[in-house]
K.L.:
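Have a look at this one before I ask anything.
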Amino acid sequence: MIEIRIHGRGGQGSVTAAELLGFAAFNAGKFVQAFPAFGSERMGAPVKAFLRIAEKEIRVHSQIYTPDYVIVQDPTLLATVPVLQGLKPDGVVIVNTKKTPEELNLDTKCKVITFDAWEIATRVIGRPIANTILMGAFAAASGQIPFEGIEKAINARFKGDVAKKNVAAAKEAYELIKGGKNESKSRSNS
Amino acid sequence: MIEIRIHGRGGQGSVTAAELLGFAAFNAGKFVQAFPAFGSERMGAPVKAFLRIAEKEIRVHSQIYTPDYVIVQDPTLLATVPVLQGLKPDGVVIVNTKKTPEELNLDTKCKVITFDAWEIATRVIGRPIANTILMGAFAAASGQIPFEGIEKAINARFKGDVAKKNVAAAKEAYELIKGGKNESKSRSNS
Amino acid sequence: MKKYIEGSMAVAEAVVLCKPNVISAYPITPQTHIVEDLSQMYANAEFKGQFVNVESEFSAASVCLGAVVTGARAYTATTSQGLLLMSEVLFNMAGMRLPLVLTCANRAISAPINIWTDHSDAMALRDSGFIQLYAENNQEAADLHYQAYKISEDDSVRLPVMVNMDGFLLTHSFEPVDMPTQQEVDDFLPSYKPRHYLDVKHPITFGSMVGEDGYMEVRYNLEEAMKNAFGVIEKVTKEFEQKFGRKFGIFIDTYKMEDAETVIVALGSVVGTIKESIDLMRANGIKVGLMKVRTFRPFPKQAIVDCLKNIKNVIVIDRASSVGSGGILATEIRSAFYGNTSVPKVNSYIVGLGGRDITIKTITDIVGNFANVKVQDSQFVELDHKYMQAGDEYLKTI
Amino acid sequence: MKKYIEGSMAVAEAVVLCKPNVISAYPITPQTHIVEDLSQMYANAEFKGQFVNVESEFSAASVCLGAVVTGARAYTATTSQGLLLMSEVLFNMAGMRLPLVLTCANRAISAPINIWTDHSDAMALRDSGFIQLYAENNQEAADLHYQAYKISEDDSVRLPVMVNMDGFLLTHSFEPVDMPTQQEVDDFLPSYKPRHYLDVKHPITFGSMVGEDGYMEVRYNLEEAMKNAFGVIEKVTKEFEQKFGRKFGIFIDTYKMEDAETVIVALGSVVGTIKESIDLMRANGIKVGLMKVRTFRPFPKQAIVDCLKNIKNVIVIDRASSVGSGGILATEIRSAFYGNTSVPKVNSYIVGLGGRDITIKTITDIVGNFANVKVQDSQFVELDHKYMQAGDEYLKTI
Amino acid sequence: MDKKKHLLAPGHTACAGCGLSMGARMVVDAAGPNTMIANCTGCLEVFTTRYPQSAWEVPWVHSLFENSSAVGSGIEAALKAMGRDQEIRVIAQGGDGGTADIGLQSLSGMFERGHDVLYICYDNEAYMNTGVQRSSQTPFATATSTSPFGKASYGNPTRKKNMAKIAVAHEIPYVATATVGFDMDLKNKVKKALSIRGPKYLHVLVPCPLGWKVESRLTIKIAKKAVNSGIFPLVEWENGKVTNVRKITPEPVTEYLKLQGRFKHLFADNDEARAHLASIQKFADENIETYGLKS
Amino acid sequence: MDKKKHLLAPGHTACAGCGLSMGARMVVDAAGPNTMIANCTGCLEVFTTRYPQSAWEVPWVHSLFENSSAVGSGIEAALKAMGRDQEIRVIAQGGDGGTADIGLQSLSGMFERGHDVLYICYDNEAYMNTGVQRSSQTPFATATSTSPFGKASYGNPTRKKNMAKIAVAHEIPYVATATVGFDMDLKNKVKKALSIRGPKYLHVLVPCPLGWKVESRLTIKIAKKAVNSGIFPLVEWENGKVTNVRKITPEPVTEYLKLQGRFKHLFADNDEARAHLASIQKFADENIETYGLKS
Amino acid sequence: MSLNHGAILKPGSSRNNKTGNWRNTKPVYKHDKCTGCTTCERICPEGVIYQEDKKKFDVDLDYCKGCGICAEECPVKDIDMVPEEK
Amino acid sequence: MSLNHGAILKPGSSRNNKTGNWRNTKPVYKHDKCTGCTTCERICPEGVIYQEDKKKFDVDLDYCKGCGICAEECPVKDIDMVPEEK
Ligand SMILES: Cc1ncc(C[n+]2csc(CCOP(=O)(O)OP(=O)(O)O)c2C)c(N)n1
Ligand SMILES: Cc1ncc(C[n+]2csc(CCOP(=O)(O)OP(=O)(O)O)c2C)c(N)n1
Ligand code: SF4
Ligand code: SF4
Ligand code: SF4
Ligand code: SF4
């Protein structure tokens, strides 16, 4: 079972991202469970969403405390939310930011992937909404879901032009991350 | 302990009669408990009220099923309500009616006392309200309460002229019943 | 002074002696006389606080809530449908730790609509965080109110208290009741000094939203307050005895327990009837005793176990049933014995629902029949289905 | 067909497959998604009955009541405050023997206000005469609805049913759920044919006032209907298994009980977490099993006793507490053992109130600590008071 | 002589001379047999449906005190959903307490949602079923058991909440006031209301001999006096506009008040009493003015 | 620069551009520090008082969703009983749901009993706290999560329940409508209301960027357009009479509607959409007519 | 056990309850002045005045509670209230 | 255990919650055209625009959520909304 935690802000589509990633994994024949960190938060406030992907039925119903993957939708969260908390030693963090992993200098030995999702979003989709883009990035980074799965999930949720643009943007992120340029080296114990 | 059951109709003051008789007994140093047969009845419908008089604390909280005394405020009840039910073998029934005990011909071996309370009421009080009058009758029949007790109870509830008239009416009934003319012979087993 | 007085009036007078600042209530049979008597005292300027006639029980409780957060002593009374309708507010007041005294003139719950006594109403609120006390007679009903305010407002408790008295059986009965003087009550019950209240000089925010990070701790504190209530109830009851000379069992009370083989457990006005029944049965050589539950919340497990552990047979009389589970008091008593080595046989009876009269015969029959009853089920006593079959004939035709 | 679907949506679709005539509900977190999904299906003409958007939960339940007495199949959903607000109507529907399915998206009760899951809400209604079923996951949540209508409308039962699913944990989780076709549901669930309903051709009077002479018998019939429900639930569950191929424990279900020395008892979504915990503990040689309570009303005493009587240690996990008494499920289970010769040690834990997450560690810690716990009290698990002390400093200054 | 012609049968246990029992019979007779009724708790429910006897000849349901309008909404929705709504009319009804106090919100909801239901408020100006406690419909200065006359109280301190105006403010198609004192008018209003689709509100003044402390034979008289003094104007509103009023030759309100024990204290010989009587006369005068009642 | 001058502190968690947070601050600032507030459950309560932080600088209490007016009544009664009522003003407040739906009855009770309380309804035209479900204040044809647009639905089927009119029908001394779009007017109305003894009702339109699907920067604009189109007239009633209206030079309602995602489906190119737009224009025209809004 | 799950009642079954014995006075028609105006029939709160003929009405004394309204309202005073013999 | 029975809060303690980091764009005053009309100060939903001088207002960026209302409503366009560097 792999566990994913997504950090974002109300209105940025973190919950949708978890849901759609789950859908893609489901279509790929996996058992999945996606859910928000149930809050009363309003637009702009920090939120979390969770996703489990497994090869057998998922029975546990608790939040995720030791994720394999952490996705950070908004770089400002790094300052106020403990996004790295509980991340497994061999875990991966994907951060939407202009900065390189080195510039970010997170207090972790895990692999850190960064890229400017808002830039892609603004350019390709026309709005700074990064959730589908981060889905593409996750697919590439994790190898858990083929890109076609992401595409199908996006098309199941969005229609027409919006869908097309989201797929294109996600694809760009997918290719970018697949390229591996944006990752930190997974540092060994020093 | 003696137990009294009063039958009347909503609006005829049966509950008040039980309450005031209780007050009189209380003033005479007895333990008492007075309560209505709790109903949702409206003016005109048959109602019941109960009274217990005892020499020691009354702890039981149930209705009265085997009364020592039954008081019937309205003769029409005789046809529809089982007023004699449970009456103790040596019990007494006091009925407000024009008829004599013999004319009434109740199916009981107990002592039956009848008199026309409405006649007294209409004449002395000015309204056909018989409850205080029946109190006077009960005091006379039972010997449980001195007439002064009845008088005090009436004065505690009513004011001025109304009180005076009620006392006078009750007194008339008291004297009448004390006279003993209106009673049936307590029939022995035949 | 001993007065000959209706139960409702005794309670109304007791309440006024406690000097609440705000009374708000909504009429419902059989609580009405209490409210009417209070209204009359208000009209006569004998009660000098605010009397708020509301449009529903929901608002009655809410007005009390508003008054208490403002630092006032408040009072309400209700029963049955009214208690259910205000239940959301009652859970809330307990959770907010607001002292209040509420008189519940116990009555059955609809459907079918029925205005007579049983304990379904108060029992339905047993999770709410209210302290629950049950009166045996009108003397106790009145006396519990002085005690209730003192318990409710104790700083280590600060929980609302429900004083239960059987509808009609107590509320509408005239009995002798010893009523204290104002001075006596004042000496016993100090004026209400809340720790926190709405005050423009020291603004506070009341009733905040507490998330997963604290809710459980707040609820735990509530449980602790209930535990604290044990000590406070004991202290207050003893102080009451000292000042007023009337003695109550604190959480439970007993009658002729010394050599009892069978003990009847009950709460409310049936307790008096049971005492009479016991005298009768004892006269016939049957060794019966009584354990009366006066404090139902907090539930006095320890006192109950200590009282009953050496008894052979226990009969629990419930005037309410949790549909699909059985007698409520019986369930809790059986559970209380859990883990005890010495355990009586506990039979459970559902009696007197919807005002069905409980007579001495009812009680003696139950005792007489004890041996024939299986342990687990709750038995409904004295059923007679004929009356309810009245509608059948017509229904068969349609 | 297996769908990847949010719990709320699964329930909404299940409800529409049951073809209710009238749906009426009022939004409240975390039930909202169910109602919103139903609204969308109504807007899309996928649900073809009447959808009545009301001004309060009281009216939502009342609209359902009106619909059912008119011969319609009805549905509502709510939770927490909403459940309390409509409680008067719910007691009434059960007393009037009106079938209904109500989904309760379980949530804590105020105060303090908290929108997260626990079972205080449904538990507070346990006397009401509603049948109560609890779902472990979204598959079960959806499936319980088809079964619930069939149970509710059975002529020997005719009682409303509350299907409980944990708020957020289930309602807001996307999981794979097998959804049947309309044909399959139609084959399983016949259309509603009430015995009596409002009909100008055969006028009847519903909801009469029943006095001391009959109320108790009507309530007894209600208890009997609950007893009948045992048989009907069994029949319906088995028929469901046969038709849909999914097997449920009928009143209770078990997991790895064969050689278990310690058995955890629970209801709701925590059951899944417990299963995972058990696998983990068994891997470490600890012989733990699970008894899940699926049917809480009628309370399946017999099934529970049969299941647990030979167990040494029983751990009851309650996600609700009766303030001043303790774990509600624990109390009933302890009571159920009353009079049994072979009795396990039953410890009671209050866990996960107000959305406090229950993790595998929570469960394994409880099991690990079992021996250290006194029998009688209900233990609050994993308290941390620091957070709630935040207000103290200011309060000390005023 | 058809002893079954009424849709409310005799044998019910209302007090002798009860205006409510009169009104309810007039309403259901006017509505006819294709009517279903949802009823609040209150005198009407208690005196007509104490097990094992019912006075109703039409399908009738009582659920609780505060929800007949929501139950009525559910009946209507069910009839619609099952295609039975064409031939059947739905009435929801209650006393003034069930309508204007504890049931106001569910009534407002019924209005707002536009259910095709006629709501009838039987206004006897207090909670009679529970023993004459004040309601929001109790007139100013009335003595009731929760607004008694006394040293510190002159009876009910507030004026009647104006339910007809509140209903009109809900912008429903039909609102009217009526009374048993004018039975033909009442029945016509019921029929007219039932001919209109959507929510309708009819506020019916029904004297209560017990609560008003009036002799039972005066029920009709007193109801007429309420109208003829201007204290209870008979008005119809259609789509928010007044379309009809009953013209009167105004009698002084004292003619109305003096027959009733509940106003006895207003006839004491002191300034306060006189001032209160004057206020009540003013209320009547305002009605006469506002609705142009003078014939 | 006094960073503490407001009585609603920053740091609350309302959405950016929330009209409700704006309105609440304006109200409490206008009322001043000698004010106590009872608040319904809803966005305002949730975003200002999530433990361990409060944005309120005045004594404030939240109890439930439906009872701030009854809690406010209790506060007022307590202040009176304890002789603290002279210097302190009481405000009860809630969203449109807490006011016009689930709390309507307790509000009506507060009016009827004559409590000296100012009630403020913050009308964002839906249940926002729970995710934009319709309320009785949701305008006709609005898409919400319980009145979505779809094959069988054109959004909300009913018109706004007219709360100001309902309040006026309760015959209370002061009723007014206001909006954050005209902040001075709003504050003046609060002050005027608080200068009057008895129950007062103020209905404040507060745009919600989330629920109305409007850009957060447009909150004030959209509020002004609501007024300037005539769809939300600004009116004051004193003792039942209109004493003041804000005059406008009417803009077409489409100017107001088209900025809002919740009305998007009304701009489809088909007859049904056009018919609905025309109805909405008619509602505005009726207001313009009724209140003489044209300057 | 009863079939009657919801405590359902038969329509009009209140006719079993003869309220006539509540009465203290009873209405007696003179049957002379009646104009056939139907007032009495329309307003009787029990609904137990029946038209037997164009100008002849009569009371079902099984139910009449003796309220006196018919006598009070009869415009031509064709009805007397007469004390019941008890 | 806490004294805080009712989960009571300190007034204005929300100031501990710096909502400034919610912002994507921030208001920047040009401080040239301002007429001192006070519009921005009055309408900021956070109440965090303060008057420093007759014609000089400034924003407390600790709390400003960047809604853009001040810029939108400023009648002389003295305020620009500028993207946050993140
Ligand atoms: C929730 C609730 N509160 C109170 C009651 C008690 N109750 C029943 S009827 C009634 C008064 C009815 O008054 P009204 O509606 O005016 O009708 P009336 O009896 O006067 O005709 C009351 C207070 C109840 N049944 N339910
Ligand atoms: C009895 C009850 N029902 C439902 C809810 C859930 N609930 C809380 S706030 C709310 C909506 C609030 O809407 P509104 O009053 O319009 O205020 P807003 O949030 O829109 O400002 C709802 C439905 C509740 N808390 N209590
Ligand atoms: S109390 Fe009044 S309303 Fe009720 S039955 Fe008697 S007369 Fe009619
Ligand atoms: S949802 Fe709307 S009302 Fe609620 S905080 Fe956000 S903008 Fe304000
Ligand atoms: S006296 Fe009354 S009940 Fe009898 S017939 Fe006349 S009106 Fe009817
Ligand atoms: S952008 Fe919005 S929150 Fe920031 S200062 Fe301007 S109005 Fe205030």
Side-chain angles (χ1 to χ4, degrees), chain C residues 8 23-60 77-82 84-86 105 107 109-115 172 354 386-395 398, chain E residues 39-43 45-46 48-54 59 61-67 71 95-107 126-138 141-158 161 163 265:
Chain C
S8 297
I23 296 176
S24 185
Y26 190 76
I28 177 164
T29 310
Q31 151 267 38
T32 39
H33 288 191
I34 300 175
V35 180
E36 292 172 0
D37 291 340
L38 288 167
S39 301
Q40 190 63 59
M41 283 189 265
Y42 175 76
N44 297 349
E46 290 155 20
F47 165 62
K48 296 208 177 59
Q50 290 283 310
F51 190 95
V52 187
N53 270 312
V54 283
E55 86 296 337
S56 73
E57 285 87 357
F58 202 96
S59 284
T78 188
T79 175
S80 180
Q81 309 306 117
L84 286 185
L85 184 58
M86 61 165 69
R107 154 181 160 183
I109 284 179
S110 298
I113 181 171
N114 172 297
I115 58 174
H172 285 52
K386 274 196 255 43
Y387 181 71
M388 286 311 296
Q389 277 152 8
D392 283 10
E393 246 159 89
Y394 173 65
L395 291 176
I398 62 171
Chain E
N39 207 122
C40 291
T41 310
C43 266
E45 165 257 332
V46 169
T48 58
T49 65
R50 174 84 190 259
Y51 198 91
Q53 291 163 349
S54 170
V61 62
H62 155 258
S63 138
L64 296 168
F65 185 18
E66 57 273 56
N67 64 353
V71 172
D96 46 293
T99 305
D101 292 346
I102 204 165
L104 179 71
Q105 186 165 297
S106 88
L107 178 62
Y127 303 148
M128 297 313 174
N129 184 42
T130 40
V132 200
Q133 296 87 14
R134 85 171 279 285
S135 79
S136 69
Q137 296 304 301
T138 301
T142 310
T144 72
S145 61
T146 53
S147 64
F149 170 67
K151 198 158 83 181
S153 156
Y154 234 85
N156 186 44
T158 57
K161 196 195 276 186
M163 276 304 293
H265 56 290

K.L.:
About how many Å separate CG of C:Leu85 and CD of E:Glu66, when rounded to the nearest 0.5 Å?
P.N.:
5.0 Å
K.L.:
Quick check for you: to the nearest 0.5 Å, what is the distance between E:Asp101 atom CG and C:Tyr26 atom OH?
P.N.:
5.0 Å
K.L.:
If you measure from CD1 on C:Ile28 to OG1 on E:Thr41, what distance do you get to the nearest 0.5 Å?
P.N.:
8.5 Å
K.L.:
Looking at every heavy atom in both E:Pro52 and C:Tyr387, which two are closest together, and how far apart are they?
P.N.:
CD-OH, 3.4 Å
K.L.:
Check side chain to side chain contact (heavy atoms under 4.5 Å, CB included) between C:Tyr42 and all other residues, then give those that pass, not counting sequence neighbours.
P.N.:
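C:Tyr42 satisfies side chain to side chain contact (heavy atoms under 4.5 Å, CB included) with C:Phe47, C:Phe51 once adjacent residues are dropped.
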K.L.:
At what distance, to the nearest 0.5 angstrom, does CZ of C:Phe58 lie from CD of E:Gln105?
P.N.:
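It comes to 9.0 Å.
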K.L.:
Partners of E:Phe65 by ring-ring contact (aromatic ring centres under 6.0 Å, His included), sequence neighbours excluded?
P.N.:
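Partners of E:Phe65 under the ring-ring contact (aromatic ring centres under 6.0 Å, His included) test: none.
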K.L.:
Tell me the closest heavy-atom pair linking E:Ser145 and C:Ser39, and the distance in Å.
P.N.:
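In this case the closest contact between E:Ser145 and C:Ser39 is O-CB, 3.6 Å.
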K.L.:
If every non-hydrogen atom of E:Gly150 is compared with every non-hydrogen atom of C:Asn44, which pair is closest and at what distance?
P.N.:
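Of all heavy-atom pairs spanning E:Gly150 and C:Asn44, the closest is CA-OD1, 4.1 Å.
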K.L.:
Can you tell me which portion of C:Gln40 sits under 4.5 Å from chain E's heavy atoms? Options are side chain, backbone, both or neither.
P.N.:
both
K.L.:
Which residue out of E:Gly155, E:Pro148, E:Gly97, E:Ser153 racks up the most heavy-atom pairs below 4.5 Å with chain C?
P.N.:
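The answer is E:Pro148.
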K.L.:
Applying salt bridge (Lys or Arg N to Asp or Glu O under 4.0 Å) as the test, list every pair that has at least one member in residues 45-58 of chain C; sequence neighbours left out.
P.N.:
C:Glu55-F:Arg113
K.L.:
Name the region of C:Ala111, side chain, backbone, both or neither, that has any atom closer than 4.5 Å to a heavy atom of chain E.
P.N.:
neither
K.L.:
In terms of heavy-atom proximity below 4.5 Å to chain C, should E:Ser136 be classed as side chain, backbone, both, or neither?
P.N.:
neither
K.L.:
Under 3.5 Å, side chain of C:Asn53 to main-chain N/O of E:Ser147, donor-acceptor pair present?
P.N.:
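Side chain of C:Asn53 to backbone of E:Ser147: no pair is present.
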K.L.:
For E:Leu104, is it the side chain, the backbone, both or neither that has a heavy atom under 4.5 Å from a heavy atom of chain C?
P.N.:
neither
K.L.:
Is any residue of residues 29-38 of chain C within less than 4.5 Å of chain E by heavy atoms, and which ones?
P.N.:
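Expected list: C:Thr29, C:Thr32, C:Val35, C:Glu36.
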